[in-house]
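What follows is one structure encoded as structure tokens, with my remarks underneath.
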Amino acid sequence: MQLRLIFLPTLFAILSCCAEITELHCSNINWYDFGYQTGLDGKSSSVIANEAGICRGSASLPREGRALEGYRVGLRNYCTPRNAFEVGQRGEDLSSACAPQELSLMQQPHLIGLRDRRLWLQIQELEQDRDALRDRQDDTDIDEDTQREIQRDIRDIDRRIDRLEDRRFLLLTLIN
């Protein structure tokens, strides 16, 4: 019995806090901006319907129509070859929210972006290896033969980085 006396008021307090947070959240939404960002992120329009469903119980009624206007503009900006390249560079998959004809124009730039990302990551890894070799080279306990070997390895890494950067440059000429 005493557990109920503690549990019920605590549950009521938690639920009323959630309602206040939802009310505050819903009253501060710029529905057009929310829709625009949802489209720009390549998300499904169902995200807007879900958000509107959450806000229907609040005093601030959702403006789904305004959100859908923003969504269409944001999605138009998302569904471009240039953006597909950037999505690939971030290592992300393309969203299926775009129309099929838009997606077909986005595939090649997206693949180029993914390839560019892989090259960039390889360069980053080689630069870390080179930095580690340079740190090792600064060790005063290393004999001359080891010093020369490290120097040779550093030059080899520099050449590999140059080749990868050339490949990145050629890739980027395909997109511009």
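Throughout, residue positions are numbered sequentially from 1 according to the sequence presented. Here the structure is a predicted model, which is why all the values come from computation and not from measurement.
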Non-hydrogen atoms of C98 and L103 that approach each other most closely: O-CD1, 3.7 Å

Side-chain touch M106/Y78, heavy atoms, less than 4.5 angstrom: yes

Closest contact, heavy atoms only, Q147 versus D139: NE2-O, 3.8 Å

Exercise: identify the closest heavy-atom pair between K43 and Y71: O-OH, 2.8 Å

R168/I123 under side-chain contact (heavy atoms from CB on, under 4.5 Å): CA gap, chis, key distance, verdict: CA-CA 10 Å; R168 278 191 81 202; I123 290 168; 3.8 Å; yes

CZ/R134: more than 12 non-hydrogen atoms of other groups inside 6.0 Å: yes

Non-hydrogen side-chain atoms of I142 and I150 separated by less than 4.5 Å: yes

Salt bridge flag under 4.0 Å for residues R56 and E64: yes

Q124 atom CD: more than 12 heavy-atom contacts under 6.0 Å: yes

Minimal non-hydrogen separation, P109 against P81, with atom names: CB-O, 3.3 Å

R63 atom CZ, over 12 foreign heavy atoms within 6.0 Å: no

Heavy-atom closest contact (I48 atom, G35 atom, distance): CD1-CA, 3.9 Å

Heavy atoms of other groups near Q101 CD, more than 12 under 6.0 Å: yes

Option from D156, D158, D153, D135 for which side chain to side chain donor-acceptor pair (under 3.5 Å) with R130 holds: D158

Spacing of L121 atom CG and L126 atom CG [to the nearest 0.5 Å]: 11.0 Å

Hydrophobic cluster membership, L172 vs I161, 4.5 Å side-chain cutoff: yes

Salt-bridge present (R148, D145; N to O < 4.0 Å): yes

Side chain proximity check, L94 to Q107, heavy atoms < 4.5 angstrom: yes

Sole candidate of N30, D41, N77 that passes side chain to side chain donor-acceptor pair (under 3.5 Å) when paired with Y36: N77

T146 vs D143, side-chain hydrogen bond (donor to acceptor under 3.5 Å, both in side chains): CA-CA, chis, key distance, verdict: CA-CA 5 Å; T146 306; D143 61 61; 3.0 Å; yes

